[in-house]
Amino acid sequence: MDNLSTIILGGALFVIMLGMGLSLRTEDFKRIVLYPKAIFLGLFNQLLLLPLIGLLIAVTITSTPEIAVGIMILAACPGGPTSNLISFMAKGDLALSVSLTAISSLITIITIPFIVLFSLEYFLGTSQEIELNIFAMIAQIFVIVVIPIGIGMMIRRFKTSFAERMGRPVRIASGIVLALIIVGLVVKERANVTDYLNQAGAATLLLNVITMAIGYYSAKLLRLRKEAAISIAIESGIQNGTLAITIAVVLLQNSALAIAPAVYSILMFITGGVMIFFFGKRTT
């Protein structure tokens, strides 16, 4: 990918994460104390079960190392603004969804580099070439995730009315940006797109559906409210595809690793739509 495309992708992610920051308050981070069972279950599913399921799928389903690494990058990522929007439309617990997204976004700054480096070594045998860059990767993820979120939160704190007015336009813009990124990747890899869909489609769909099912039924097993179960399901199964694509293209400089996240980003809107259709019509 050329320098201009890299800059555009990095800028797009910055805007998306800034938009997420506009919807956050410091109170969102305090919910880990107020509602520990729901928060810890959501984080357990997202930070531990999701990468393990991703590894199982990558080892057993995928047929190329690049797709396998792409699955692992995706499984390492937190939820994003899309998961919050889907939770809202599916009548889940929006406050819980936002809290899980915010907390996991901070924690995965540390976990993403280790999972990515493990995946590169395991599937591609290239970890030795980039092993010394782990702290640089942490710093890069910090810049593209935490800083824009922090700026958005500062704007919300001091310019609350402006942040509330910009919330909906930024969410819409985020969806458009994600669609453009996916289209760009498909165009760039158009000679291989059918092959990539065949290779990544089943794996990414399984990752999405299995983790959402585990999220929902684990919450029901712990007797959490239905709204909380819906949000935990969505947070467990709807990952930040834009961040995964950015890690593959900008940080790792390999667009082939972005194919699985791109395919996933398409499929998650379909499964998310099913969640909205199934749960969003509830009146209680």
Side-chain angles (χ1 to χ4, degrees), residues 9-24 28 42-43 45-47 49-51 53-54 69-88 96-113 115-116 119 137-138 140-150 152 170-171 173-182 185 200 204 207-208 211-212 215 231-252 257-269 271-272 275:
L9 181 55
L13 182 64
F14 188 94
V15 171
I16 290 173
M17 301 313 289
L18 175 67
M20 191 172 82
L22 291 174
S23 68
L24 293 176
D28 294 317
L43 293 176
N45 287 346
Q46 196 168 51
L47 300 176
L49 285 185
L50 177 60
I53 293 170
V69 174
I71 291 289
M72 291 305 298
I73 293 173
L74 189 58
C77 288
T82 302
S83 65
N84 303 150
L85 179 60
I86 294 174
S87 284
F88 173 73
L96 175 62
S97 177
V98 171
S99 299
L100 286 172
T101 296
I103 296 168
S104 63
S105 293
L106 296 179
I107 295 175
T108 51
I109 294 171
I110 304 299
T111 59
I112 286 173
I115 294 174
V116 170
S119 304
M137 182 178 290
I138 290 173
Q140 289 170 318
I141 294 173
F142 181 87
V143 169
I144 63 179
V145 173
V146 176
I147 290 179
I149 288 178
V170 170
R171 284 195 298 269
S174 297
I176 293 173
V177 166
L178 178 58
L180 291 175
I181 291 170
I182 294 169
L185 285 170
T204 54
L207 181 68
N208 181 219
T211 51
M212 282 204 297
S231 289
I232 289 173
I234 293 169
E235 287 296 318
S236 300
I238 302 293
Q239 306 311 306
N240 192 335
T242 311
L243 178 59
I245 293 169
T246 302
I247 290 170
V249 174
V250 177
L251 303 189
L252 300 178
L257 302 181
I259 297 301
V263 172
Y264 177 94
S265 296
I266 297 171
L267 295 177
M268 74 177 185
F269 283 109
T271 56
M275 292 285 287

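The shortest distance between side-chain heavy atoms of L96 and I232 falls below 4.5 Å. Between L243 and T108, every side-chain heavy-atom pair lies at or beyond the 4.5 Å cut-off. The closest side-chain heavy-atom distance from I247 to C77 is below 4.5 Å. Contact annotation: the side chain of I112 approaches that of P78 to within less than 4.5 Å [non-hydrogen atoms, C-beta and beyond].
For the pair M72 and S119, the tightest heavy-atom approach, listed with the atom from each and the gap, is CB-OG, 3.0 Å. Of all heavy-atom pairs between I71 and A260, the closest is N-CB, 4.0 Å. When all heavy atoms of I73 and A248 are compared, the pair lying nearest together is CD1-CB, 4.4 Å.
Screening L74, V263, I238 for a side chain to side chain contact (heavy atoms under 4.5 Å, CB included) involving M268 leaves a single residue, I238.
Proximity of a side-chain donor or acceptor of Y264 to a complementary backbone N or O of L207 within less than 3.5 Å is not detected.
Between the CG atom in L100 and the OG atom in S231 there is a gap of 8.0 Å [rounded to 0.5 Å]. Taken to the nearest 0.5 Å, the CG atom of L43 stands 11.5 Å off from the CG atom of L49.
Every residue two or more places apart in sequence or in another chain that forms a side-chain hydrogen bond (donor to acceptor under 3.5 Å, both in side chains) with S104 is listed here: Q46. With sequence neighbours left out, the side-chain hydrogen bond (donor to acceptor under 3.5 Å, both in side chains) criterion links T204 to no other residue. Under the rule for a side chain to side chain contact (heavy atoms under 4.5 Å, CB included), the partners of A75 that lie at least two apart in sequence or sit in another chain are L50.
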